[in-house]
Amino acid sequence: MYDYVLQYGFDKETEQFVQNIKNYLKENKIKDEERNWLPHITIDLYNCKDQETFINKLDNIISNIKRFNVRFINLNDFNGKILYIEPFDTKELITLKQIFNKALYEYRLENTRNRIYKPHITLCKNDDINQNTYDLAHNVFHSFIGEITDIWVYNQNMELLKEYELK
C-alpha cells in the first residue's frame, strides 16, 4: 500500500471532456475497475508516516511549478488492461517527474523506483480492453490540448489532503 498519491489535475474543460469519454464507455457497458478519481495524471505513490514533513517538502517543490499545456493525441493501452489517453510531448511531465523523484526519493515505493514513467490519463481499467472498447472510445475522442492547473495530494482512502493551484 501507500500513504499518498500525487496527481496532476486539469482545467475544467479538459476534466469534463475526459469525464464524458469515461461516462460514454460506462453507458456502453464497458467495465471500469479504476477507483473513482477525477480525471488526472498520476505523478507517483509515496510512503511517509509524517504527513507534515511530506507536505512541507511538496510545498517547496510545487511553489516553483507553473501551469502548462499538454497535447493529447492518441488512445493506447497497457497490456490490454488499461485504456488511456496518451500525451504527445511528455518532456515537461518527465522533467517534473525527475524533480519529484529526486526530492522525494526516500518516500517513493521501492517497487516503483525503477519503473519507467509513462504519463497518461486512464479511461478505464479491466481485464478485457479490446477492439470494441477502442471503437467506442474513438466515437467520442479527438486530440486536444489540456491545461495542467493543479497538483493534488490524496491519501490511500481517496481523501484530498492538499490541493495546489498552479500559477
Side-chain angles (χ1 to χ4, degrees), residues 1-23 32-76 78 82-125 141-167:
M1 286 304 281
Y2 59 87
D3 293 323
Y4 312 106
V5 59
L6 204 56
Q7 300 174 343
Y8 293 113
F10 299 103
D11 63 282
K12 294 300 176 197
E13 183 178 293
T14 299
E15 185 178 295
Q16 189 60 55
F17 178 71
V18 174
Q19 191 60 54
N20 287 345
I21 298 170
K22 292 170 74 82
N23 292 343
D32 186 11
E33 298 167 356
E34 183 187 29
R35 297 178 85 183
N36 196 26
W37 301 107
L38 288 172
H40 68 277
I41 294 175
T42 298
I43 299 168
D44 214 334
L45 307 173
Y46 304 92
N47 278 326
C48 179
K49 297 305 174 206
D50 185 349
Q51 181 177 321
E52 186 177 340
T53 297
F54 187 75
I55 296 295
N56 285 339
K57 285 194 178 239
L58 288 176
D59 290 347
N60 291 333
I61 301 166
I62 295 172
S63 66
N64 297 315
I65 299 175
K66 304 218 180 319
R67 293 172 174 231
F68 60 98
N69 290 333
V70 178
R71 191 162 70 127
F72 297 91
I73 60 161
N74 195 27
L75 297 176
N76 207 337
F78 292 122
I82 296 175
L83 179 67
Y84 64 88
I85 300 173
E86 186 171 42
F88 175 69
D89 181 8
T90 60
K91 182 179 179 181
E92 187 146 14
L93 293 166
I94 298 295
T95 299
L96 288 172
K97 177 70 166 109
Q98 291 168 343
I99 291 168
F100 283 113
N101 285 355
K102 183 176 180 182
L104 301 172
Y105 182 81
E106 65 189 294
Y107 306 122
R108 292 184 68 211
L109 300 185
E110 195 169 325
N111 64 339
T112 66
R113 288 182 182 161
N114 295 322
R115 185 185 306 165
I116 295 172
Y117 184 59
K118 185 141 174 84
H120 63 279
I121 306 170
T122 300
L123 291 175
C124 68
K125 178 179 177 181
F141 174 79
H142 57 78
S143 62
F144 64 98
I145 295 174
E147 184 178 24
I148 303 290
T149 58
D150 300 281
I151 294 179
W152 300 319
V153 185
Y154 286 94
N155 66 18
Q156 64 180 335
N157 296 322
M158 295 180 66
E159 297 166 329
L160 181 63
L161 300 177
K162 187 153 185 181
E163 178 175 18
Y164 295 91
E165 188 175 326
L166 303 177
K167 301 170 189 158

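Residues meeting the side-chain hydrogen bond (donor to acceptor under 3.5 Å, both in side chains) test with T42, sequence neighbours left out: H40. With sequence neighbours excluded, the residues satisfying side-chain contact (heavy atoms from CB on, under 4.5 Å) with N56 are E52, D59. Annotation: side-chain hydrogen bond (donor to acceptor under 3.5 Å, both in side chains) contacts of K49 (sequence neighbours excluded): D3. K125 pairs by the side-chain contact (heavy atoms from CB on, under 4.5 Å) definition with D32, E34, I82, not counting sequence neighbours. For K97, the side-chain contact (heavy atoms from CB on, under 4.5 Å) partners at least two apart in sequence or on another chain are I43, D44, N101, R108, Y117. For F144, the ring-ring contact (aromatic ring centres under 6.0 Å, His included) partners at least two apart in sequence or on another chain are F17, F72. Remark: E86 engages N74, N76, Y84, K118 in a side-chain contact (heavy atoms from CB on, under 4.5 Å) (not counting sequence neighbours). For Y4, the ring-ring contact (aromatic ring centres under 6.0 Å, His included) test picks out F54, with sequence neighbours left out. Legend: residues meeting side-chain hydrogen bond (donor to acceptor under 3.5 Å, both in side chains) with N69, ordered by chain and number and at least two apart, are absent. Scanning for salt bridge (charged side-chain N to carboxylate O under 4.0 Å, His left out) contacts around E110 gives an empty result, with sequence neighbours left out. The ring-ring contact (aromatic ring centres under 6.0 Å, His included) search around Y2 returns none, not counting sequence neighbours.
Enclosure of atom CG in N36 is not indicated, since only 12 or fewer non-hydrogen atoms of other residues, nucleotides or ligands lie within 6.0 angstrom. Heavy atoms from other residues, nucleotides or ligands lying under 6.0 Å from CZ of F88 number 12 at most. Shown here is Q156, whose CD atom has more than 12 heavy atoms of other residues, nucleotides or ligands within 6.0 Å. In this structure, N114 places its CG atom where only 12 or fewer heavy-atom neighbours from other residues, nucleotides or ligands lie under 6.0 Å away.
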Should L161 and Q51 be marked as a side chain to side chain contact (heavy atoms under 4.5 Å, CB included) after you check the CA-CA gap, both sets of side-chain angles, and the distance that decides it? CA-CA 9 Å; L161 300 177; Q51 181 177 321; 4.0 Å; yes
Could you go through D50 and Y107, starting from their C-alpha distance and side-chain angles, then the distance that decides it, and tell me whether this counts as side chain to side chain contact (heavy atoms under 4.5 Å, CB included)? CA-CA 11 Å; D50 185 349; Y107 306 122; over 6 Å; no
After noting the C-alpha distance and the side-chain angles of Y8 and V70, does the key distance pass the side chain to side chain contact (heavy atoms under 4.5 Å, CB included) rule? CA-CA 11 Å; Y8 293 113; V70 178; over 6 Å; no
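Taking OG1 of T90 as the reference point, atom NE2 of H120 lies at 13.0 Å (rounded to 0.5 Å). From I145, atom CD1 reaches atom CG of D11 across 11.0 Å, with rounding to the nearest 0.5 Å. Here the CG-CD1 distance, from L123 to I21, works out to 5.5 Å after rounding to the nearest 0.5 Å. Taking CG from L104 and NZ from K57, the interatomic distance works out to 7.0 Å, rounded to the nearest 0.5 Å. Between atom CG of residue L6 and atom CD1 of residue I62 there is a gap of 5.5 Å, rounded to the nearest 0.5 Å. I121 contributes atom CD1, which lies 11.5 Å from atom CD of Q19 (distance to the nearest 0.5 angstrom).
Between the R71 side chain and the S143 main chain, no donor and acceptor come within less than 3.5 Å of each other.
Counting all heavy atoms, side chain and backbone alike, I55 lies closest to Y164 at O-OH, 3.5 Å.
A 4.5 Å side-chain heavy-atom check between T122 and W37 finds every atom pair outside the cut-off. P119 is listed as a side-chain neighbour of I94, based on a closest heavy-atom distance under 4.5 Å.
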Donor-acceptor pairs under 3.5 angstrom involving side-chain atoms of residues 146-154: please list them, not counting sequence neighbours.
{"unit_1": "T149", "atom_1": "OG1", "unit_2": "F10", "atom_2": "O", "d": "3.3"}
{"unit_1": "W152", "atom_1": "NE1", "unit_2": "E163", "atom_2": "OE2", "d": "3.2"}

